[in-house]
There are 2 protein chains.
Amino acid sequence: MSRKATNLTKKKIFEYCMKSFAENGYSNVGLRNISEGTKLSIGAIYYHFSSKEKIAQFLYDTAGRLILNEIKTAVENAADDREALKSIILVLFKLTEEDPYLMKYVLYTKHKDFLPKAQPICSTKPFEYIKKFIKAKIKEGVFEDMDVLIASSLIMGPIIRIIQLRMDNVLKGDIRLYAESLLDGISRSIFKKQI
Amino acid sequence: MSRKATNLTKKKIFEYCMKSFAENGYSNVGLRNISEGTKLSIGAIYYHFSSKEKIAQFLYDTAGRLILNEIKTAVENAADDREALKSIILVLFKLTEEDPYLMKYVLYTKHKDFLPKAQPICSTKPFEYIKKFIKAKIKEGVFEDMDVLIASSLIMGPIIRIIQLRMDNVLKGDIRLYAESLLDGISRSIFKKQI
DNA sequence: ATAATTATAAAGAACGTTCGTTTTGTTTTC
DNA sequence: GAAAACAAAACGAACGTTCTTTATAATTAT
């Protein structure tokens, strides 16, 4: 089956580039690096991707889609609002622990460097979805009444920061252990007080 | 005055590179770009900096020192703890508005890409200083008792996030207008409740 | 069913550019 | 006239991409 073989090599390119771009930066990874790392010829790589930029494009789209799906199902299956928030934290923390290169690629790579019409990370699909969720909760009166971007920053800011601390190896252990404590802090900052 | 002329051209290189690295990314800015942008020859640039990497190194150190000083004086002159926190926010927001390229360079540039033994942003001097401040406040019982890195994330995470939203032009206006609202949120998450 | 043909997949050398750096030379400044 | 400041050409290496060739698999014809 040639199709299967094709997909396998494409996956090999995908995985190596995700890892290498995340670790070394897009500009520091050349076609010859990719060729060595995947044990494929440059010709083979160009057979599957028409340019280096297309690889990055593909990584970006795939990563975005994956994260969005994970968050979506987590939020939709949550019992209440606090659980939904917890789910978001845990999904992102889980991805950080189990697929760190994906997370590094998404959060660290300056996509503007190679994607011509770059949408900043914060305008990407997963974050747009979360923003909508927050907007709804403010309208419902669950969250304190404030600018949605402030609320979004109060929620996502600390989460992303912890993830970065983990990726920079400042935090050495599994960050899922911090989820509850972080959730407490975030909750205090945005949930409306009970009277 | 030859020394003065030297410092002027060095400053010209400094300022153009700060702006250009921040906007286009270190790897996308070549010596020929710098030469054009500064109206200096490549030889002149190499007379002042022994390598391209040294320029980035110099920018990094200068920016770090500048931010640290601004934060230090702001915190030391604050009347109380809440004011200190507010000062940190306002100093960083002010820098974002008045020196956006410096802020972009510090927050966006992947320093690991060109600085061999890269210390992550979070371990940089200004952030270390803030971490110490937070640690003290936890010990004093001013902040809730929690892991210092969690507290640090709850404080710095939202601030940095707002700054990024501004730099990505998602937030269009002066972010200092959001300082109070952000401070409220952050305060709720970390200050110990009064009984 | 086997042979011929055609796509597909992969290899690797070669191309033209651009990169950071070096070298050599010229103009200033004291 | 010596040192400092700048200019500009040239260097080798590395870059992304293209081109030509070869092996393998799939399809068709006999």
Side-chain angles (χ1 to χ4, degrees), chain A residues 1-60 105 109-116 118, chain B residues 1-60 105 109-116 118:
Chain A
M1 289 291 156
S2 76
R3 291 282 303 169
K4 198 170 184 179
T6 294
N7 287 344
L8 273 178
T9 64
K10 201 168 181 183
K11 194 183 177 190
K12 214 179 348 176
I13 298 170
F14 171 85
E15 281 177 350
Y16 179 80
C17 285
M18 178 78 84
K19 177 171 173 167
S20 199
F21 287 175
E23 279 193 320
N24 309 111
Y26 175 78
S27 298
N28 296 323
V29 180
L31 264 298
R32 281 146 197 90
N33 295 127
I34 302 173
S35 172
E36 280 177 35
T38 54
K39 265 108 179 69
L40 264 81
S41 69
I42 292 179
I45 295 165
Y46 266 84
Y47 178 79
H48 292 280
F49 294 95
S50 58
S51 74
K52 187 189 168 191
E53 203 175 293
K54 279 274 169 32
I55 301 179
Q57 186 70 263
F58 180 71
L59 291 186
Y60 190 65
Y105 181 76
T109 309
K110 281 270 302 155
H111 307 285
K112 216 183 64 183
D113 286 358
F114 48 86
L115 302 184
Chain B
M1 290 283 164
S2 78
R3 292 284 299 170
K4 197 169 183 180
T6 295
N7 286 343
L8 272 178
T9 64
K10 201 167 180 182
K11 195 183 176 191
K12 213 172 4 169
I13 298 170
F14 171 85
E15 282 178 350
Y16 179 80
C17 285
M18 179 77 86
K19 177 171 173 167
S20 199
F21 287 175
E23 281 193 319
N24 310 111
Y26 175 78
S27 298
N28 295 324
V29 180
L31 263 299
R32 281 143 196 92
N33 296 127
I34 302 174
S35 172
E36 279 178 35
T38 55
K39 264 106 179 68
L40 265 80
S41 69
I42 292 180
I45 295 166
Y46 266 83
Y47 178 78
H48 292 280
F49 294 95
S50 58
S51 74
K52 188 189 167 191
E53 201 175 294
K54 279 275 170 28
I55 302 179
Q57 186 71 263
F58 180 71
L59 291 186
Y60 189 65
Y105 181 74
T109 309
K110 280 270 302 156
H111 306 286
K112 217 183 66 185
D113 286 358
F114 47 85
L115 302 183

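All values below come from the heavy atoms of this structure, side chains included, with hydrogens, waters and symmetry mates left out. Residue numbering restarts at 1 for every chain, and letters A, B, ... go by the order of the sequence lines.
- A straight line from CG of B:Asn7 to C1' of D:dA5 spans 13 Å, rounded to a whole angstrom.
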Under 3.5 Å, which protein N or O atoms sit close to an N or O of nucleotides 7-9 of chain D? Give each pair with its distance.
unit_1, atom_1, unit_2, atom_2, d
D:dA7, OP2, B:Ser41, N, 2.7
D:dA7, OP2, B:Ser41, OG, 3.2

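- Contact annotation: the side chain of B:Lys11 never approaches that of B:Tyr16 to less than 4.5 Å [non-hydrogen atoms, C-beta and beyond].
- Here the C1' atom of nucleotide C:dG20 and the CD1 atom of B:Ile55 are 11 Å apart, to the nearest Å.
- A 4.5 Å side-chain heavy-atom check between B:Ser20 and B:Ile34 finds every atom pair outside the cut-off.
- For B:Lys12, the NZ atom counts as densely surrounded, since its 6.0 Å shell holds more than 12 non-hydrogen atoms of other residues, nucleotides or ligands.
- Looking at every heavy atom in both residues, B:Leu31 comes nearest to B:Ile42 through O-CG1, 4.2 Å.
- Between B:Leu40 and B:Ser35 the shortest heavy-atom distance is O-OG, 2.5 Å.
- We find the CD1-NE2 distance between A:Ile55 and A:His48 to be 10.5 Å, quoted to the nearest 0.5 Å.
- Side-chain nitrogen and oxygen atoms of B:Tyr47 include at least one within less than 4.0 Å of the OP1 or OP2 phosphate oxygen of D:dA5.
- Looking at heavy atoms from C-beta onward, A:Asn28 lies in side-chain contact with B:Ser27 at the 4.5 angstrom threshold.
- Between D:dC6 and B:His48, a contact under 4.0 Å exists linking OP1 or OP2 to a side-chain N or O.
- Only one option out of B:Phe49, B:Tyr60, B:Phe58, B:Tyr105 pairs with B:Phe14 in a ring pair (Phe, Tyr, Trp, His ring centres under 6.0 Å); it is B:Phe58.
- Near DNA chain C, defined here as any heavy-atom distance below 4.0 Å, there are no residues from residues 12-21 of chain A.
- B:Glu36 has its CD atom 13 Å from the P atom of C:dG20, to the nearest Å.
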One pair to check against side-chain contact (heavy atoms from CB on, under 4.5 Å): B:Cys17 and B:Leu59. What are the steps and the verdict?
CA-CA 8 Å; B:Cys17 285; B:Leu59 291 186; 4.0 Å; yes
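- In this structure, A:Lys54 is not positioned above the aromatic face of A:Tyr46 in the sense of NZ or CZ being under 6.0 Å from the six-membered ring centre and within 45° of the axis.
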Show each protein N/O and nucleotides 14-16 of chain D N/O combination with a separation under 3.5 Å, one pair to a line.
unit_1, atom_1, unit_2, atom_2, d
D:dG16, OP1, A:Lys52, NZ, 2.6
D:dG16, OP2, A:Leu31, N, 2.8
D:dG16, N7, A:Arg32, NH1, 3.1
D:dG16, N7, A:Arg32, NH2, 3.4
D:dG16, O6, A:Arg32, NH2, 2.7

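- Inter-residue side-chain proximity for B:Asn24 and B:Asn33 is flagged as unmet; no heavy-atom pair is nearer than 4.5 Å.
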